[in-house]
Amino acid sequence: MPDRPGGAGSDAADEIPLVRPYALTRGRTRARVKLAVEALVSSATLGNRDLSTLTPEFQAIVSLCRQVRSVAEISALLRIPLGVVRVVVADMAAEGLVHVHQPQLDEGQPDLNLLERVLSGLRRL
């Protein structure tokens, strides 16, 4: 598989071939459900399902989300645009491949503690 621009690497993101975003989302620009950037995603228990039938992106997200990750983390770690990740994760949730845990905001006001944790996590990337 050809290296990504900018050099070779060996992390999971480098194993995904470079594909145009509209190909990953089948031309859609919006997710079926609204996913917050800080929404947490975890892999579903897939039992006997054959993962080799999934697209490489779906496989990478299932593997990555064995540990709970935010939508923003998935985007950053896989080097896929945030909007594309939202569409793909929403599709995966509809198929039962992942569980999405949306934040519960009181009266539309963001939880400052959560925002500080997200900012801290982004700084570590």
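- Minimum interatomic distance between Q102 and A39 (heavy atoms only, all atoms of both residues): OE1-CB, 3.3 Å.
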**Request:** Take L54 and M92, measure what side-chain contact (heavy atoms from CB on, under 4.5 Å) needs, and give me the verdict at the end.
**Result:** CA-CA 10 Å; L54 301 176; M92 292 178 72; 5.9 Å; no
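- Of all heavy-atom pairs between V100 and A93, the closest is CG2-CB, 3.9 Å.
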**Worked check of side-chain contact (heavy atoms from CB on, under 4.5 Å) between V37 and R86** = CA-CA 8 Å; V37 174; R86 284 180 166 158; 2.8 Å; yes
**Item:** Check against side-chain contact (heavy atoms from CB on, under 4.5 Å), L78 and V85
**Value:** CA-CA 9 Å; L78 296 180; V85 169; 6.0 Å; no
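- Remark: S70 OG to L35 CG distance equals 11.5 Å, nearest 0.5 Å.
- The minimum heavy-atom distance between S42 and V68, with the atom names listed, is CB-CG2, 4.0 Å.
- For L64 against R69, the heavy-atom pair with the smallest separation is O-NE, 3.3 Å.
- The hydrophobic side chain of L119 is isolated, with no ILVMFWY side chain under 4.5 Å apart from it.
- By the criterion of side-chain heavy atoms lying less than 4.5 angstrom apart, applied directly or through intervening Ile, Leu, Val, Met, Phe, Trp or Tyr residues, L77 is not grouped with L40; the two fall into different hydrophobic clusters.
- Closest non-hydrogen pair, V98 versus V89, comes out as CG2-O, 4.0 Å.
- Residues I74 and L122 share a single hydrophobic cluster, defined by chaining ILVMFWY side chains whose heavy atoms lie under 4.5 Å apart.
- To the nearest 0.5 angstrom, T55 atom OG1 is 9.5 Å from D91 atom CG.
- Nearest approach of E38 to V118, heavy atoms of both residues: CB-CG2, 4.1 Å.
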